[in-house]
Visitor: 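This is the structure I want to talk about, given as structure tokens.
Here is how names work: the chains are called A, B, and so on, in the same order as the sequence lines, proteins then strands, and each is numbered from 1.
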2 protein chains.
Amino acid sequence: MPDKITIKEIAKEAGVSISTVSRVINGSSPVKKETKEKVLNAINKLNYYPDALARSLRVGYTDTIGIIIPNIANPFFATLVRGAEDYLRSKGYSLIICNSDNAVDQEKKLFNILAEKKVDGILYSGIGDHLEKFNHINIPIVFIDRVIKDNRFSYVCSNHYKGMEDLLNYLFETNHKRYVFISGKKEIFSAVERLRAFGNFVKKNKIEYKILEGEYTYESGLINGKKIKKLPDVVVCSNDLIAYGVIESFKERKIKVPQDVSVTGYDDITFSKMFSPALTTVRQPIYEMGKISAEIIHRLLIKKDDYIPVKLFQNQVIVRESTRNPRNK
Amino acid sequence: MPDKITIKEIAKEAGVSISTVSRVINGSSPVKKETKEKVLNAINKLNYYPDALARSLRVGYTDTIGIIIPNIANPFFATLVRGAEDYLRSKGYSLIICNSDNAVDQEKKLFNILAEKKVDGILYSGIGDHLEKFNHINIPIVFIDRVIKDNRFSYVCSNHYKGMEDLLNYLFETNHKRYVFISGKKEIFSAVERLRAFGNFVKKNKIEYKILEGEYTYESGLINGKKIKKLPDVVVCSNDLIAYGVIESFKERKIKVPQDVSVTGYDDITFSKMFSPALTTVRQPIYEMGKISAEIIHRLLIKKDDYIPVKLFQNQVIVRESTRNPRNK
DNA sequence: TTGAAAGCGCTAACAC
DNA sequence: GTGTTAGCGCTTTCAA
């Protein structure tokens with residue numbers, strides 16, 4: 001028995017041609033029942049399994065999708081990936097994951113690698129904004145968490161502006177008048193949108209405020225939390241991770257949340273409900289977004305649509321324990 | 001300009017043969033400087049990038065590794081995957097991720113898919129224990145988080161038994177005499193080991209105890225926490241997620257941790273230090289384990305070793321705020 | 001219903 | 001240093 005079992009060995013074993021073997025494997029055209037059985041037996045006997053590489057080279061697709069994200073260790077992206085993988089797996093695709101750490105250079109490299117590996121499509125959550133560069137790589141792309149004005153591209157995004165606006169209005173109504181806002185990096189679409197909502201909020205309402213520049217990490221929350229000398233009514237954090245850090249830094253200073261100060265997050269990652277105090281935040285349907293991005297890339301691939309699908313998710317304010325209730329004022 | 005740029009078009013454009021093009025791309029044998037330049041220019045001009053599929057078919061490897069894990073949305077595995085991906089990427093590999101949800105059938109399917117896609121190696125964290133079945137799939141496998149006695153296989157694991165033993169001894173020394181232990185599923189190696197340590201602990205020491213059967217999730221902690229009617233001195237949870245759930249269930253009942261009861265976890269996932277109360281737990285070097293598993297598969301692939309590498313990590317008790325201090329007794 | 005053969009894009013052995 | 005060519009394992013015409 002040769003080391004490598006190919007369609008050839010099966011053909012020989014079954015006493016048919018390789019095209020016949022291919023036909024029974026793919027059901028691509030009718031095969032006489034007895035012949036089919038002979039082939040199936042040979043496959044079983046020799047433990048044959050097809051070589052997807054050779055197949056892909058021939059047919060021109062790989063049933064493989066690439067996903068570029070900043071960091072899988074961030075639970076936001078882990079949940080997103082899970083959503084995408086579940087859908088893709090159900091449609092017969094595999095998923096290659098690539099962490100970019102939000103570095104444009106790395107993103108470019110990853111695009112090239114995925115192109116070379118001939119993935120059928122790319123799910124892309126990152127910061128690179130030179131759309132032109134996506135032209136010569138002729139692979140369908142779905143942008144995640146970023147609205148693309150250019151109507152050549154599909155995207156899935158949630159309404160960060162509206163979500164933040166809703167949260168801020170809720171806070172205002174519950175007697176929060178003095179704000180500290182900790183932003184994310186300005187390269188990141190969602191961070192810009194959330195900050196923009198805050199900007200317009202302070203224009204509209206007479207409040208005291210201060211903006212601290214941070215990034216989407218626990219450590220950034222820790223650092224920025226320490227910088228807050230004069231306590232506001234609420235610290236509005238651009239995401240949940242920052243809020244965790246801020247709360248921790250307050251804990252070290254014996255500042256009580258929400259009794260002394262309210263703190264809010266954004267995203268509603270899995271842990272925010274487990275956190276103590278449970279975090280008031282804005283929920284993005286993260287898993288769903290991953291799933292829908294996968295669904296879109298799939299539609300693009302089977303060319304079901306002659307338009308470019310786009311999906312904007314609404315976000316929802318989730319009030320928990322890290323903010324004061326109006327009656328507690 | 002043809003739709004698809006291959007080595008052929010480059011050869012034509014540069015006025016050389018395709019082998020010369022291949023040589024400059026791979027640096028596989030010396031090429032005259034001027035010729036090289038011509039080729040490079042053509043590549044640039046036509047925006048050529050090689051087809052990894054065709055290359056792999058020819059050379060017999062794909063520079064792609066598969067990883068099978070229960071669930072990427074579990075931060076333990078997300079961190080593990082990040083460790084693996086970082087190392088693999090640095091060595092030029094890509095990573096295909098597969099979620100199995102700890103279902104043996106799904107694991108089998110995933111093995112087949114990865115075999116068909118001709119991954120060079122598989123990182124495997126799962127429950128399937130029929131080692132024989134790994135025989136006909138002739139791909140190097142590194143088992144993660146599971147000690148394999150069969151010396152045909154590499155593994156990376158941490159010393160769950162010792163870690164749990166150390167934790168229990170610490171608890172005993174700090175005046176915890178009545179225990180509730182919430183286990184993980186008995187299909188999972190680490191859960192069995194941690195339970196085994198508890199079994200031996202209660203044999204050696206005169207203590208009151210009760211064992212609750214759970215699984216490695218927050219929800220399981222929530223449910224099992226509610227089942228605890230008579231409060232012990234400490235609830236020892238098989239992992240951090242369970243501990244979060246238990247603490248939450250206690251919170252609902254106004255039971256204070258650690259004042260009324262201590263609670264411990266295992267793993268020390270990223271969030272355990274952010275948790276409130278910060279969780280006393282046992283640290284596994286999760287990122288490191290992912291990284292080393294990747295390193296091992298790489299060694300296997302470049303055949304640097306003529307033995308089967310194996311790595312056992314030690315775990316470390318991390319005392320935080322969810323357990324009583326002895327002096328608080 | 002089946003078989004022969006071309007060819008997907010590439011590498012590498014061989015020849016010059 | 002460079003070109004020619006076989007062939008990796010498969011699918012898909014085309015012919016029978």
Visitor: One character per nucleotide, please: for nucleotides 8-16 of chain D, 5' to 3', B when the base has a protein heavy atom closer than 4.0 Å, S when only the sugar-phosphate does, - otherwise.
Guide: BBBBBB---

Visitor: Can you confirm if the NZ or CZ of B:K291 lies within 45° of the ring axis of B:Y287 and under 6.0 Å from the centre of its six-membered ring?
Guide: no

Visitor: Taking side chain as C-beta onward, heavy atoms only, is A:V147 less than 4.5 Å from A:F189?
Guide: yes

Visitor: How close or far is atom C1' of C:dC10 from atom CD1 of B:I43, stated in whole angstroms?
Guide: 13 Å

Visitor: In plain terms, say whether A:K91 and A:D86 are close enough for a salt bridge, that is, a side-chain N and a carboxylate O under 4.0 Å apart.
Guide: no

Visitor: Tell me whether the OP1 or OP2 atom of D:dT4 has a side-chain N or O from B:S17 closer than 4.0 Å.
Guide: no

Visitor: Please tell me if the side chains of B:T64 and B:Y93 come closer than 4.5 Å, counting only heavy atoms from C-beta onward.
Guide: no

Visitor: Would you say C:dT2 has OP1 or OP2 under 4.0 Å from some side-chain N or O of A:T35?
Guide: yes

Visitor: Where the side chain of A:E85 meets the backbone of A:R82, is there a donor-acceptor pair that is under 3.5 Å apart?
Guide: no

